[in-house]
Protein chains: 2
Amino acid sequence: MVQTKTPAQKRIRKMGARQIYEALRDQILESVYGADGLLPSSRALAGELGVSRSTVTVAYEQLAAEGFIDVRPGARPRVAKAVAEARNRDTRSRPSSRKVRLSTYGQRLSQVAPRPSEPSRNFIANFRYGDLSPSDFPVLAWKRAVVAAMTRRPTKLTYDDPSGSRRLRTALRAYLWRTRTVRCEVDQIIAVNGSQQGLDLCARLLLDPGDRFVMENPGYLMARHVFSATGALAVSIPVDTDGLDTEQLVKTEARLAYVTPSHQFPLGAVMPIGRRHQLLAWARKFDAYVIEDDYDSEYRYDTKPVPPLHALEGSENVIYLGTVSKTLSPTLRIGYLVVPPELRSAFAAAKLIMDRHTPLAGQDALATMLETGVYDSHVRRARRRNGERRQALLDALHRRFGDRIQIDGAAAGLHVVVWFRDLPPTSEAALIEAALAKGVGIYPVSSLFDQRRQARRHRPDVVGLVMGYAALETRQIERGCELLVQAVEQLRSTRHATRQRRRQLDYQNLR
Amino acid sequence: MVQTKTPAQKRIRKMGARQIYEALRDQILESVYGADGLLPSSRALAGELGVSRSTVTVAYEQLAAEGFIDVRPGARPRVAKAVAEARNRDTRSRPSSRKVRLSTYGQRLSQVAPRPSEPSRNFIANFRYGDLSPSDFPVLAWKRAVVAAMTRRPTKLTYDDPSGSRRLRTALRAYLWRTRTVRCEVDQIIAVNGSQQGLDLCARLLLDPGDRFVMENPGYLMARHVFSATGALAVSIPVDTDGLDTEQLVKTEARLAYVTPSHQFPLGAVMPIGRRHQLLAWARKFDAYVIEDDYDSEYRYDTKPVPPLHALEGSENVIYLGTVSKTLSPTLRIGYLVVPPELRSAFAAAKLIMDRHTPLAGQDALATMLETGVYDSHVRRARRRNGERRQALLDALHRRFGDRIQIDGAAAGLHVVVWFRDLPPTSEAALIEAALAKGVGIYPVSSLFDQRRQARRHRPDVVGLVMGYAALETRQIERGCELLVQAVEQLRSTRHATRQRRRQLDYQNLR
């Protein structure tokens, strides 16, 4: 049911009474008006808001036309009876304590899923990893690409290919080949709603309850969550300066391994070629799949990239995963999988069942940017800018902390890991709290380690932070480090580091 | 790894050599060039294409810069050795017959999932349900909304709320209230990637293997597929002229029921209020959830809408599902759930794990259209246009078939069901074939019935077609009916209806 346009609806836009209308409507829905349901008279409200009485009248007419209020000449408007009753019924018959019957999957989810993140504060510098700066987003180029995509009119609006538009996948194939030496057929590429959906597809299609999957320790929590939610069991393999310790892996039987060989998340190691071959041999031996998450491969600052696993000989068990969340924006939700040929029909079927396909407009716009070379030049510019931020962070950290810290993983990506040599793990909560009090958001690497008892000996013996810099301007980075050093000094001086309540930050949601 | 811009890359855009470059690159990747890997000389190719030799040279330089070809002065370019070898290795080491190890879910999917649809033909009139006409899409308004959304710059680019943007959900709450009398809190709304993802969320969170779920028979196949994929068991309840037969339902224990009470898919019944209350009582008794798919409620032509289940007293077990796939475009992939308060945190967690959130740009654009009233006026226009199409179809059918047909479900939605009183089910395949030969796409309702043996007695005793009209112009509709009547006549005259091979059309993918 859609109402005919009332005179009030036509006028409301001209007169700008919409804000008043919306505020009143929200207040009505929030039961701001008490038991009598009486709203202020139009004269009173006009006086209060400093607008003309007719502006208020228009808002009231609109609310009346939509059934929110009853208006009678000479009387104050009143919340409509039906609305008031609906509110009361809601409050009465829907206690949130009603018992919930969830599937086994749903129950598991409530154990593994991160808490929803806190409302964001006003930080002077928030070093949370995963955020990007809007000033880096190529607004004009993206706008042009989106508009171009909308102008190209199809003969009908219909569901598209579940694997993604052929045009985007063709452009991605060329991109993967020229920038990552990844070779594949168009049909092996599945466009997904960001890498998270790519991981979920793998989880659903490849893992059964009780299966084992290999995770890097420390590693990416959202991958661990999505695999654990299937009922499969995580096997943690430690990470050292060469990434996943494949010597420990080869003794482990599992259905799949999730790895970040180009830039280990979070510690930043690049896996050398020897370990890569060992990893591939392991996968062939156990007929296991390796998910290669190449999440930030566009950002390398001072070393030659090692080719991805997918580009190596004998990589037929590798599922390659890429995203534009680090180059364009995490809010676009566009990623892609390259799956072995024997899996492509299963992935296409699962994608169809899950959500038909990824929204076409974003796919088309990205395809245009890839085809015209605009994406490549944008990536070059973003890399240059993030190179500057990285340098600012490294300079500030070295200047302020000297050799009291050690920095890992700075050769690539959009974050570094900073170890505070003289701060024991017990001081972590107090440090976070002290930094927060100064307006600096910091996130401990400890939360990315396997929290289970049996993995305890692998946990770090000093405080470490994952410091993302891609959303910050260089002066914020410098100011943030200045405040951070103050927080560390304060911690030392008050010496009550171990006692403080651990602050619940949204670091579980990192990346 | 991103390459530095080569001189060729800079020039290529100015000179328009990109098409040549792309064609050659695709040919190289498709192994068009034989064992010797030799490409034509630039002179030969320039002559063949009717362009200047320097244009071809630029394309060749670009291909060489990207490593696709080797160029030596005076010799014909040659496919780079690495590229040729990668091709060969691909073909050799990746036979598609490699055995696949899928999860139980993945294996079930291969049984329940529809085959990927056939490449589309050139139809004179394709009555496939679910397609929309691009001429109805509000290109300008949507473009304006998208551009407005892009111009509103956030302070950082970061993952958004898994349940959807607060702005969109606030706008949806008002929309649902004013157009559907659905009352809910903003937190009960979950923005999803089209109704399919809404169904998948319900399936994952509410069904375990072996659980029972109720489906209308006939009903929406993609809902049946997504629920069956969990390992739960479908219980079919027949549909009559009042929708789902709730008398039969009340004896059935199940975890959830999927229903389309506003406009039963496909038969078109509107469920009367008595059955609605019976359905809600059933849900309360068994503590089951009812998924109310309000997929095309915006289109009603001649009756007053009955309020949705969600708006009735005692509807606390109802999950309401809406979409813009019928009003804007199925390619946008935007839908929404209204879930009971006790389920909202589970749905938010599952959405987070599945793909973080629905792409923000589309959410923002839709919010703008809802806030400004542009969406409502678009819906009115689309309803008027589809009313015209519907009338053209009804007129043409009545004129050509008279009382040899019966039409159901024409009061609402974007399709009708046409029963051919004198065509037995055995003639269905021949009719589809004959229509197809004339360029008319028709889709039998029989495929939407439960195909299992125990449900056989509920199958229809004459041929029925689901005829969608939203993607067609009125003259196509008229011409299509003219051709359809010819197909029916031809069928009668040749009398070999029962023998013909059943044509595999993509009707399983309907809607």
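A quick note: this is a predicted structure, and the numbers were derived from the prediction, not measured. Proteins come first, then strands; the chains are lettered A, B, ... in the order of their sequence lines, and each starts at number 1. Both backbone and side-chain heavy atoms feed into the values below; hydrogens, waters and symmetry mates do not.
- Closest non-hydrogen pair, B/Thr158 versus A/Arg128, comes out as OG1-NH2, 2.9 Å.
- At a 4.5 Å heavy-atom cutoff, the contact between B/Asn193 and chain A is made by backbone and side-chain atoms alike.
- Within the 4.5 Å cutoff, no side-chain heavy atoms of A/Tyr159 are placed close to those of B/Met222.
- Minimum heavy-atom separation, A/Pro330 to B/Leu157: CG-O, 3.7 Å.
- In this structure a side-chain-to-backbone donor-acceptor pair under 3.5 Å is missing from B/Thr331 to A/Leu360.
- Using a 4.5 Å cut-off between heavy atoms, A/Leu332 touches chain B through its backbone atoms (N, CA, C, O) alone.
- The nearest pair of heavy atoms linking B/Gln196 to A/Ile353 is NE2-O, 2.9 Å.
- Both the backbone and the side chain of A/Asp355 come within less than 4.5 Å of a heavy atom of chain B.
- A 4.5 Å side-chain heavy-atom check between A/Met354 and B/Gln197 finds every atom pair outside the cut-off.
- If you tally non-hydrogen atom pairs under 4.5 Å between each of B/Pro359, B/Pro209, B/Gly106 and chain A, the highest count goes to B/Pro359.
- Of the atoms belonging to A/Ala348, not a single heavy atom falls under 4.5 Å from chain B.
- Heavy atoms of A/Thr104 lying under 4.5 Å from chain B belong to its backbone as well as its side chain.
- Closest approach of A/Arg101 and B/Tyr289 over heavy atoms only: O-CE1, 4.3 Å.
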Check the pair A/Lys156, B/Asp136 against salt bridge (Lys or Arg N to Asp or Glu O under 4.0 Å), reporting the backbone distance first and the verdict last. CA-CA 10 Å; A/Lys156 61 182 175 180; B/Asp136 290 7; over 6 Å; no
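- For A/Asp211, the side chain to side chain contact (heavy atoms under 4.5 Å, CB included) test picks out A/Leu207, A/Asp208, A/Ala232, A/Arg255, with sequence neighbours left out.
- For B/Thr358, the part lying near chain A is the backbone, with the side chain staying farther off; criterion is any non-hydrogen pair under 4.5 Å.
- Not a single ring-ring contact (aromatic ring centres under 6.0 Å, His included) links A/Tyr105 to another residue, sequence neighbours left out.
- Interface residue A/Leu328: only backbone heavy atoms are found under 4.5 Å from chain B.
- Contact annotation for A/Gln363: neither backbone nor side-chain heavy atoms come within less than 4.5 Å of a heavy atom of chain B.
- Only the side chain of B/Asn126 comes within less than 4.5 Å of a heavy atom in chain A; its backbone stays farther off.
- One finds the CE atom of B/Met150 at 12.0 Å from the OG atom of A/Ser329 (value rounded to the nearest 0.5 Å).
- When heavy atoms are compared at a cutoff of 4.5 Å, A/Ser345 does not approach chain B at all.
- For the residue pair A/Ala349 and B/Leu109, the shortest heavy atom distance occurs at C-CD2, 4.0 Å.
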